[in-house]
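All values reported here derive from a predicted model rather than from experimental measurement.
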Amino acid sequence: MGKRKWAIFPLLLAILSVFCLWATPSKTIWSFSYFGEDDFLHMPSDIEIDQGRSLIYIADSGNNRILVFDFEGKFQKIIGREGQGPGEFSRPSGLFIFEDGGLAVADHYNKRIHLFDKSGEFVKLISPKTVDVADLIFLDDKIYTISIYGSSGYSPQLRSEKETQPLVNVLDQEGSVTNSISVDDFPEAQPFLRSIKHRVCMALSKDKKLFLPHFAMNIIHVFGLDGNKIGEFGRQLPYEPKPPTLIHQSSDKDGIIRMQATMDMITQDAEIGPDGNLYLLTFTESYMKRAKEEDRDSLPPIQMMIDVIDTQTHELLRSFDIDGGARCFGLLDKNRLVYAYEDSEGELFLKCIEY
């Protein structure tokens with residue numbers, strides 16, 4: 001028995017070593033809430049990374065501008081301002097970085113797409129004809145867009161009479177819709193619930209597959225660029241999410257309809273990392289369960305985590321915690337990540353961690 005016990009000990013030690021390596025907490029590299037001359041973030045909605053020039057771009061939506069920082073967190077410049085002219089924004093919500101360092105901005109409330117060169121100078125304006133654009137990916141001569149995503153707070157699309165609606169609209173360089181990507185797996189006649197169920201994030205893998213994690217359901221759809229569905233998968237969550245359910249509908253004397261639904265939030269943002277894996281900003285707790293707490297206003301924001309998923313096997317490779325109240329993130333390299341989050345006092349921070 002003594003020999004067997006000593007033989008088992010190295011195996012247990014090895015297992016514990018692997019567990020400790022897996023569970024290693026992230027390390028803060030830098031963090032701040034103010035920058036420049038007492039400037040601050042307001043409603044940040046997207047973060048994109050220029051790997052070639054080591055720059056961080058943030059859609060500072062509430063301030064109607066794009067902020068640029070370097071990888072050390074030093075403020076570099078502002079692109080755009082509030083307005084309706086070229087290079088002027090109203091709630092810019094999504095960003096895309098071109099290989100040459102150029103920038104595309106989804107100017108959500110103005111219903112336009114702005115193109116800038118790598119120095120931040122305005123180049124071109126694209127006005128989508130029939131759809132809104134909240135986030136976008138340029139590939140060859142096509143623009144893959146989603147109308148609404150995450151908990152952005154932007155109004156849902158209720159105009160479609162169909163039981164399904166596009167997850168992705170494909171535009172040409174003039175802004176006309178040339179194709180759309182949709183699913184008929186969960187048809188929904190109620191327009192408000194339909195708009196919730198079809199809210200997705202969007203990420204393009206290195207082998208040119210579109211990954212579409214749903215905001216309020218534990219589903220990640222996978223599509224080819226031709227619009228054909230390749231597959232779907234879910235992932236294990238630390239809670240059982242409640243599906244979107246309509247609980248109230250009313251209209252006033254002016255005919256304005258108000259609707260209220262309960263739902264759990266699952267995925268807030270998605271990115272493909274430099275390692276080719278899919279990174280998902282995920283809620284760790286049921287939002288609906290939190291809403292039932294008597295002292296919910298005094299509770300800290302729900303803890304968030306990043307799930308890392310193999311794009312080929314769809315297996316969960318690892319997860320690590322980040323601050324509650326995280327809104328969006330970007331990957332600097334294979335072990336550094338930057339994200340914006342709101343703390344329990346309502347203060348917004350930009351934080352870089354090593355994971």
Minimum side-chain heavy-atom gap Ile78-Leu67 below 4.5 Å: yes

4.5 Å side-chain heavy-atom contact, Phe186 and Ile219: yes

Backbone of Lys142 reached by a side-chain donor or acceptor of Asp140 within 3.5 Å: no

Positive for side chain to side chain contact (heavy atoms under 4.5 Å, CB included) with Met263, one of Leu246, Thr245, Ile196: Ile196

Gln173, CD atom: more than 12 neighbouring heavy atoms under 6.0 Å: yes

Pair Phe96-Phe98, ring pair (Phe, Tyr, Trp, His ring centres under 6.0 Å): steps then yes or no: CA-CA 7 Å; Phe96 178 81; Phe98 294 95; 5.2 Å; yes

Cluster check Phe32, Ile58: I/L/V/M/F/W/Y, side chain < 4.5 angstrom: yes

Donor-acceptor contact below 3.5 Å, side chain Ser26 vs main chain Glu354: no

Interatomic distance, Ile181 atom CD1 to Leu225 atom CG [nearest 0.5 angstrom]: 7.5 Å

Minimum-distance pair of heavy atoms, taken over all atoms of Val133 and Leu136: CG1-CB, 4.2 Å

Leu350 side, atom CG; Leu41 side, atom CG - distance, nearest 0.5 Å: 6.0 Å

Parallel, tilted or perpendicular, as decided by the 30° and 60° cut-offs, for the rings of Tyr341 and Phe349: parallel

Selection residues 93-110 - residue pairs positive for salt bridge (Lys or Arg N to Asp or Glu O under 4.0 Å), sequence neighbours left out: Asp107-Arg112

Within one Ile-Leu-Val-Met-Phe-Trp-Tyr cluster: Ile49 and Leu204, side-chain cutoff 4.5 Å: no

Ring center gap for His214 and His221 short of 6.0 angstrom: yes

Side-chain (Arg194) to main-chain (Ala189) donor-acceptor, under 3.5 angstrom: yes

Sidechain-backbone polar pair: Asp135 side chain, Ile146 backbone, donor-acceptor under 3.5 Å: no

Asp269 vs Phe329 side-chain heavy atoms within contact, under 4.5 Å: yes

Heavy-atom closest contact (Arg336 atom, Ile29 atom, distance): CD-CD1, 3.5 Å

Sidechain-backbone polar pair: Lys209 side chain, Ala203 backbone, donor-acceptor under 3.5 Å: no

Stepwise side-chain contact (heavy atoms from CB on, under 4.5 Å) check, Val338 with Phe69: CA-CA 11 Å; Val338 62; Phe69 298 86; over 6 Å; no

Straight-line distance of Phe75 CZ to Asp70 CG, nearest 0.5 Å: 11.0 Å

Thr313 (side chain) donor-acceptor with Glu315 (main chain) under 3.5 angstrom: yes

Check: Ile47 and Ile56 side chains under 4.5 Å, non-hydrogen atoms: yes

Donor-acceptor contact below 3.5 Å, side chain Glu174 vs main chain Ser176: no

Lys/Arg-Asp/Glu bridge criterion (N-O < 4.0 Å) met for Asp60, Arg65: yes

Minimum side-chain heavy-atom gap Ile66-Leu95 below 4.5 Å: yes

Approximate separation, where rounding is to 0.5 Å, of Lys351 NZ and Leu337 CG: 11.0 Å

Glu345 side-chain N/O to Glu347 backbone N/O, donor-acceptor pair under 3.5 Å: no

Check: Val222 and Phe233 side chains under 4.5 Å, non-hydrogen atoms: yes

Thr284 side-chain N/O to Gln303 backbone N/O, donor-acceptor pair under 3.5 Å: yes

Derivation of the salt bridge (charged side-chain N to carboxylate O under 4.0 Å, His left out) call for Glu285 and Arg290: CA-CA 8 Å; Glu285 182 184 335; Arg290 171 72 71 93; 3.3 Å; yes

side-chain contact (heavy atoms from CB on, under 4.5 Å) between Ile266 and Leu237, intermediate numbers included: CA-CA 9 Å; Ile266 298 172; Leu237 297 170; 4.0 Å; yes

Modelled atom types, side-chain donor and acceptor of Thr164 and Asp184, under 3.5 Å: no

Over 12 foreign heavy atoms within 6.0 Å of CZ, Phe35: yes

Least distance between heavy atoms, Pro301 atom then Gly324 atom: CB-C, 3.6 Å

Leu103 side chain reached by Val105 side chain, heavy atoms, under 4.5 Å: yes

Gap separating the CD1 atom of Ile137 from the CD1 atom of Ile272, nearest 0.5 angstrom: 9.0 Å

Glu82 atom CD, over 12 foreign heavy atoms within 6.0 Å: no

Least distance between heavy atoms, Phe116 atom then Val123 atom: C-CG2, 3.8 Å

Any pair counted as salt bridge (Lys or Arg N to Asp or Glu O under 4.0 Å), so long as it reaches residues 230-253, sequence neighbours left out: Lys229-Glu232, Arg235-Asp307, Asp252-Arg258

ILVMFWY network linking Phe138 to Val131, side-chain heavy atoms under 4.5 angstrom: yes

Evaluation steps, side-chain contact (heavy atoms from CB on, under 4.5 Å), between Asp323 and Tyr339: CA-CA 9 Å; Asp323 290 277; Tyr339 59 95; 2.4 Å; yes

Residues, nucleotides or ligands: over 12 heavy atoms within 6.0 Å of Lys289 NZ: no

Straight-line distance of Met305 CE to Arg318 CZ, nearest 0.5 Å: 12.5 Å

Same apolar cluster (I L V M F W Y, side chains within < 4.5 Å links), Met304/Tyr279: yes

Parallel, tilted or perpendicular: ring planes of Tyr355 versus Phe320, cut at 30 and 60 degrees: parallel

Closest contact, heavy atoms only, Asn169 versus Pro166: OD1-CB, 3.6 Å

Salt bridge flag under 4.0 Å for residues Lys111 and Asp132: yes

Minimum heavy-atom distance Ala270-Cys201, with the two atoms named: CB-CB, 3.9 Å

Verify same cluster id: Leu167, Leu171 (apolar side-chain graph, 4.5 Å): yes

Ile322 vs Ile306, side-chain contact (heavy atoms from CB on, under 4.5 Å): CA-CA, chis, key distance, verdict: CA-CA 7 Å; Ile322 62 173; Ile306 298 289; 4.0 Å; yes

Side chain Ser45, main chain Ser93, donor-acceptor under 3.5 Å: yes

Polar contact flag, side-chain donor to acceptor under 3.5 angstrom, Asn110-Glu88: no

Crowding at CZ, Arg53 (>12 non-hydrogen neighbours, <6.0 Å): yes

Beyond-backbone contact of Asp50 with Tyr57, side-chain heavy atoms, under 4.5 angstrom: yes

